[in-house]
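What follows is a short report on a single structure.
In what follows, every chain begins at residue 1, and chains take the letters A, B, ... in the order their sequences are listed.
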There are 2 protein chains.
Amino acid sequence: MQPLDWNQLRAFLETADTGSLSAAARKLGLTQPTLSRQVAAIEQSMGVTLFERVGKAMVLTSTGLDLLEHARAMGSAADALSLVATGRSQAVGGVVSVSATDILASRILPPLVRRLREKAPGIAVEVITTDSLSDLQRREADIAIRHVKPAQPDLIARLVRDVDAYFYASEAWVKAHGHPRTATDAASVPFIGSDRNGLYLGMLQHHGLRVTETNFCCYANHSVVQWSLVRDGVGIAPMMEEVALATPGVVRVFDDLPPVRFPIWLVSHRELRTSRSIRVVFEALAEGLASISDVSPD
Amino acid sequence: MQPLDWNQLRAFLETADTGSLSAAARKLGLTQPTLSRQVAAIEQSMGVTLFERVGKAMVLTSTGLDLLEHARAMGSAADALSLVATGRSQAVGGVVSVSATDILASRILPPLVRRLREKAPGIAVEVITTDSLSDLQRREADIAIRHVKPAQPDLIARLVRDVDAYFYASEAWVKAHGHPRTATDAASVPFIGSDRNGLYLGMLQHHGLRVTETNFCCYANHSVVQWSLVRDGVGIAPMMEEVALATPGVVRVFDDLPPVRFPIWLVSHRELRTSRSIRVVFEALAEGLASISDVSPD
DNA sequence: GAGAACTCATGCATTTACGTATAGATAAGA
DNA sequence: TCTTATCTATACGTAAATGCATGAGTTCTC
């Protein structure tokens with residue numbers, strides 16, 4: 001009874017989760033041939049067929065599905081271990097990863113990181129830009145900046161502040177089409193969309209704007225791209241006041257409307273509370289976000 | 001965020017469980033330097049101290065203890081995965097491991113294995129001799145032959161039969177010291193002990209024999225050794241009737257006493273029920289043990 | 001239907017990790 | 001106290017795992 005190779009199981013888990021050897025390889029920092037061989041090694045040594053190689057995709061067999069359940073349990077335990085480990089890490093320096101939405105990551109965070117580096121040169125900050133909420137349980141990031149209050153009890157969250165976003169258009173656009181001020185003006189104005197499932201549209205309507213699907217002249221799922229489209233006079237979109245003020249060539253429209261107000265939560269895992277490096281970054285971000293004095297130029 | 005090496009975690013788990021790198025290396029089929037490096041690699045990459053190297057022993061730190069908890073969860077999941085995997089194995093051949101007490105392993109099993117090999121040459125049988133109950137959950141064996149009814153619900157057990165054991169002495173001893181027949185005769189007769197905590201003594205007394213600690217002329221925790229001592233005329237011990245009949249030079253004593261009767265259970269894990277190889281061995285053992293027709297010569 | 005952009009599997013060179021051997025250190029026993 | 005039997009940590013040659021390059025196959029698009 002030879003003990004089985006746990007790294008091969010890790011390869012199996014990632015392959016099953018991502019759906020392909022290539023994607024798993026990217027996640028694990030290995031190459032696709034390596035993963036291919038590791039998965040094949042399990043199948044051979046155990047005498048089971050994990051995947052059905054049907055063309056491009058690797059689809060799990062029923063046995064693979066049963067084994068995946070346990071591999072997933074191993075993965076969760078490994079994640080928890082990693083979490084506790086970094087929490088207990090006595091190392092003062094190291095890398096602390098922060099996940100944020102793109103606009104925060106590109107405009108707000110850089111000055112904060114620069115100031116942090118001056119105070120604590122030993123700590124390297126990894127900025128992770130994600131569209132979806134990064135999973136702190138899986139240690140995809142040490143600290144997350146979110147705009148919704150996290151529900152999980154394992155997480156510690158601090159409400160840093162509320163930020164206001166107003167609607168903006170480019171100066172050129174206003175000069176050509178006029179200055180929309182009221183909510184009813186919105187009906188004949190091109191907006192930059194964010195998603196195509198109506199979520200963003202609903203948010204605008206909920207805010208009082210008279211807009212429909214036809215108002216969207218284009219879509220961009222990243223705020224930086226949205227903002228670039230606004231600056232180039234393509235359409236109108238809301239933006240954090242601090243960022244807008246630092247952007248030349250844009251003017252605020254819908255002046256009568258109240259700002260779109262949303263919170264900034266700083267979230268970390270409870271286990272990481274004991275790590276000194278992470279605490280330092282957490283506090284620095286909390287302080288820096290509370291009073292945004294500096295915004296990166298575009 | 002680099003993904004951590006699961007094999008290193010496995011090394012940590014075994015080291016913590018066994019208490020030494022050397023013991024862990026033996027269990028994992030690796031060498032002590034390898035384990036030493038793997039554990040050190042965790043400590044370095046995570047920046048934690050898992051063990052306190054105090055002289056010979058490696059004692060867990062408090063951090064190590066916390067991490068061990070999760071590593072153990074990984075180990076349990078890995079064991080469960082391995083269990084399901086071998087159960088689903090389509091391979092007809094392979095190795096099936098059977099654990100048994102030493103006397104069964106050395107005298108009863110060999111003929112059964114020989115007959116099984118004739119019927120199913122593709123299956124290799126691994127006989128594991130353990131003093132303690134082998135842990136089927138941990139896959140220390142595929143099939144276990146036990147003398148107590150297993151309690152765990154995950155295990156499937158079949159009562160194969162009851163075997164009778166009588167007390168025996170060597171012919172030479174009887175010729176020199178006479179033939180003890182009744183339970184009261186036992187008081188002045190040398191017995192071979194099995195353990196030194198009184199468990200075995202209690203069993204003898206419970207059976208009606210008038211013996212005390214002073215009756216034990218020597219101890220042997222293995223039945224084969226006990227039996228050798230009996231044959232050499234050192235003392236008296238009980239033995240399975242089938243084995244005793246196949247051993248020349250021994251005579252039954254305490255003829256008036258009823259036999260020591262104990263059951264033979266054939267136990268396997270529920271998950272392994274689907275493995276054809278294991279089922280074949282299970283049935284062969286059940287049939288062979290039901291009517292023991294052949295006993296290996298000493 | 002041809003091409004682009006993916007995917008997975010295989011051959012080959014290299015790096016990594018392993019085992020063997022050894023030294024230092026500790027605990028038990030004569 | 002000296003011996004013996006452990007255990008862990010390091011040095012070095014080797015074998016195994018990895019990465020790179022390539023080929024074959026599939027899906028999607030134009």
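In this entry the distance linking CE of A:Met58 with C1' of C:dC6 reads 15 Å, nearest Å. In this entry the distance linking CG of B:Leu35 with P of C:dT20 reads 14 Å, nearest Å. Spacing between atom CG of A:Leu21 and atom C1' of C:dC6 amounts to 13 Å, rounded to whole angstrom units. When the C1' atom of D:dT10 is taken as reference, atom CD of B:Gln32 falls 10 Å away, rounded to whole Å. Look at CD on B:Glu14: it is 14 Å from P on D:dT8, rounded to the nearest Å. Distance, B:Glu43 CD to D:dT8 P: 13 Å, rounded to whole Å. Counting to the nearest Å, the P atom of C:dG19 and the CG atom of B:Leu28 are 10 Å from each other.
Nearest to the side-chain atoms of A:Arg26 among the listed nucleotides C:dC8, D:dT8, C:dT7 stands C:dT7. Of the candidate nucleotides C:dT20, D:dT8, C:dT10, C:dT10 has the atom nearest to the side chain of A:Pro33.
For the helix from C:dG1-D:dC30 to C:dA30-D:dT1, the terminal axes (five pairs an end, C1' atoms, rotation from four pairs onto the next four) enclose an angle of 30°, given to 10 degrees.
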Pairs under 3.5 Å (N/O, protein and nucleotides 16-18 of chain D):
from: D:dT18; atom 1: OP1; to: A:Gln38; atom 2: NE2; distance (Å): 2.8

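With 3.5 Å as the limit, one finds no donor-acceptor pair spanning the side chains of B:Ser22 and B:Ser20. For B:Thr214 and B:Thr212, the side-chain atoms include at least one donor-acceptor pair closer than 3.5 Å.
The backbone N or O of A:Val125 sits nowhere less than 3.5 Å from a side-chain atom of A:Arg117 that would complete a donor-acceptor pair.
Taking all atoms of both residues into account, the shortest heavy-atom contact from B:Pro110 to B:Leu104 is CD-O, 4.3 Å. Here the shortest heavy-atom pairing between B:Leu67 and A:Ala85 reads CD2-N, 3.7 Å.
When the shell of 6.0 Å around CZ of B:Arg279 is examined, it contains more than 12 heavy atoms from other residues, nucleotides or ligands. Around atom CD of A:Gln44, no more than 12 heavy atoms belonging to other residues, nucleotides or ligands sit under 6.0 Å away.
Contact between the side-chain N/O atoms of A:Ser36 and the OP1/OP2 oxygens of C:dA9 is found at a separation under 4.0 Å.
Across all strands, B:Ser22 comes closer than 4.0 Å to base atoms (heavy-atom distances).
Within the model, atoms CD of A:Glu43 and CG of A:Leu50 stand 4.5 Å from one another, a figure rounded to the nearest 0.5 Å.
Annotation: side chain to side chain donor-acceptor pair (under 3.5 Å) contacts of B:Asp195 (sequence neighbours excluded): none.
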